[in-house]
Amino acid sequence: MKEMLRIQDLTKYYGKVRGIENLNLVLNKGEIYGFIGPNGAGKSTTIRSIMHLVNKNSGKVFVNGKEFGKDNLEIKKIIGYLPSEISLYDDMTVKEILDYHESFYDNIHDRRKNLVNRLQLDEKKKIEDLSLGNLKKLGIVLAFMHNPKLVILDEPTSGLDPIMQNNFFDILKEEKEKGTTILYSTHILSEVSKICDKVGIVKDGHLIHETTIEDLQKNNFNFITIISSDIDKIKKELDLPIILENKDIIKFKNDLEINLILNKLVNYKIDKLLIEDPTLEDLFMHYYN
Amino acid sequence: MFLREIKVNFKSFLIWLSVLIGIFLVVFLIYPHMFNKENMEMFDEMMAMFPEEVLKAFNMDIASIDTVFGWIKTEGFIFVLLIIGCYASILGSNILLKEESDKTIEYLNSLPITRSKIVLNKFLCGICYVVLMVLGLSIFNYFGLILSDNFDHRSYLLLSITPLFSSLVFFSLSMFLATFTHKTKKMLGISLGIVFISYILQTIASLSNNVSFLKYFSIFTLADTRYVITNSALNMNIIFISIILTILFLGLTLIRYNKKELI
């Protein structure tokens, strides 16, 4: 598979405060990569370093096999970028900014029309009068209208209503089919499982885990909830980390074979037994803790 | 991008030009009524009380204010230099920094355009507006003078372009200094401070020979109205220095902006 984005040993410090350190990442062509982590983990710093909005301390960024320098216009032309909080020229109308954007690229008018229709944008409106959701829609159009090969999206769905979110996910799926590579930074995990092929988890400025969505969901742990009058004895017998405890109810996080657990439980009176797979949020917390 | 910059900065250009034209319009309207023979005698008596150094500071030793042109050559040009200087300085400090304070730089930076080209487009736009400001006021005053009294056309034309040289340096210096900060308010204070400190230094320098060296620290020295009034010619050395300084600050702006963290 052809590489579209390679981040190599990327380090960025804000004075003495670490943003990211020796971060390595590879995105292949046509891949949607979920870049996940809570606020302050280093997602935006990574994106801002890629886009040269901040000066990296060390490391390199390669796009389509070529090192992405600040003034490499060939590479800039094939990148689409949607920042987490988009700010555009307030004095312009939607039409004016789309015209302005169009003036930097060749033959993109049809694609512009298509995206404007799909996202139901009113071109006559002034940017200062747009709601947060409409501003985000405009940002999405600007990020995709020049047919980029690599799109960097930072928290793209904030402010979008559920219908528009679905429209947006459809656009992402179509882009993926066209071979567009997408770096999708978010902390909303349900979005990741819907559209991403691969996931990278960032913690304290490092990429701590990278996997495919399937592998992530092929979990190696589960949750067991037991209701029993013998709860104290069961607690001693299983000796597993307790997630929740309330009178006769107890919830464990289990990484042992289920058979082994059941064998241990046969000697006790069990009223109810529930075995659950972890949600994406649980998996995320598992790596984070 | 150049046209976009022209459009964005047009409103403030109009406001500043209107203020300047307003000041001169008032002068053209009231001046003929202020200076009759009786007033002139009183005024001459008052002027005689001022030390020569003070008169020199306002060019009053080489020009009389009994006509509108005389006033323009003395006090009038202090207003022109200060106001166009403030305009150029504020324009220079805002033109790049506004993108950062409004956070539109994230969008602009994502477009296929180099940082040098961003600086050059904004620099050209600023230069255009500073030239238009000087030109606009010159044309207004020219017609005002034609309607008011007889005056030396050549002397006026040369005098009217002198603010251009100091203002270009104010503009480019402020643009360069703005590459060191992200805060527009801070930069506004610094840029206006430079204009007023320059003016104070220029005035003090003309008061006594002992402190005349201070003129080398004032950008207003580059608007050598005194030389134009006394010689009816432009001081070519000063024009040359102004152009060199403007190009130098542009070069430094390009170097700094290319290294700047934009957010």
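Side-chain atoms are counted along with the backbone in the values below, which use heavy atoms only and exclude waters and symmetry mates. Computed from a predicted structure; not experimentally measured. Order of the sequence lines sets the chain letters (A, B, ...), proteins ahead of strands, with each chain counted from 1.
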Would you mind checking which part of [X] comes under 4.5 Å of any heavy atom in chain A, side chain (CB onward), backbone (N, CA, C, O), both or neither?
X        : value
B:Ile113 : both
B:Lys7   : side chain
B:Asp102 : backbone

Exercise. Kindly determine whether A:Lys137 and A:Asp122 satisfy salt bridge (charged side-chain N to carboxylate O under 4.0 Å, His left out), including the steps that lead there.
Key: CA-CA 10 Å; A:Lys137 287 197 284 188; A:Asp122 182 358; over 6 Å; no

Practice problem: Return the option, out of A:Gly139, A:Ser87, A:Ala143, A:Ser103, with the maximum number of heavy-atom pairs under 4.5 Å with chain B. | Solution: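 Option with the top pair count is A:Ser87.
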
Below 4.5 Å from any heavy atom of chain B, which atoms of [X] appear? Answer side chain, backbone, both or neither.
X        : value
A:Leu142 : side chain
A:Ile47  : neither
A:Asn55  : both

Practice problem: Give me the one residue out of A:Leu153, A:Leu135, A:Leu160 that meets side-chain contact (heavy atoms from CB on, under 4.5 Å) with A:Ile140. | Solution: A:Leu160

Quiz item: Does any pair with a residue in residues 166-176 of chain B pass side chain to side chain donor-acceptor pair (under 3.5 Å), and if so which ones, sequence neighbours excluded?
Solution: B:Ser89-B:Ser174

Quiz item: What residue, out of B:Thr114, B:Leu262, B:Asn258, has the most heavy-atom pairs lying under 4.5 Å from chain A?
Solution: B:Thr114

Practice problem: Pick whichever of B:Lys259, B:Lys117, B:Arg4 has the most heavy-atom pairs under 4.5 Å with chain A. | Solution: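 Of the options given, most contacts go to B:Arg4.
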
Practice problem: Check side chain to side chain donor-acceptor pair (under 3.5 Å) between A:Asp154 and all other residues, then give those that pass, not counting sequence neighbours. | Solution: A:Ser44, A:Ser185

Quiz item: Does a donor on one side chain sit under 3.5 Å from an acceptor on the other, for A:Glu155 and A:Ser84?
Solution: no

Practice problem: On the 0 to 90° scale, with breaks at 30° and 60°, tag the A:Phe35-A:Tyr33 ring pair as parallel, tilted or perpendicular. | Solution: tilted

Quiz prompt | Contacts of residues 67-75 of chain A with chain B (heavy atom under 4.5 Å) | solution =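 Hits under 4.5 Å: A:Lys70, A:Asp71, A:Leu73.
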
Practice problem: Only pairs at least two apart or in different chains count here, so list each ring pair (Phe, Tyr, Trp, His ring centres under 6.0 Å) that has a residue in residues 94-128 of chain B. | Solution: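 Those involving residues 94-128 of chain B are A:His101-B:Tyr107, B:Phe123-B:Phe171.
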
Quiz prompt | A:Lys16 NZ/CZ over A:Tyr13 ring centroid, <6.0 Å and within 45° of normal | solution =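 No, a cation-pi geometry is absent between A:Lys16 and A:Tyr13.
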
Quiz item: Can B:Arg256 be said to sit on top of B:Phe180's aromatic six-ring, NZ or CZ under 6.0 Å from centre and within 45° of the ring axis?
Solution: yes

Self-check item: Greater than 12 external heavy atoms within 6.0 Å of B:Lys185's NZ
Solution: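 Count not over threshold, so no.
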
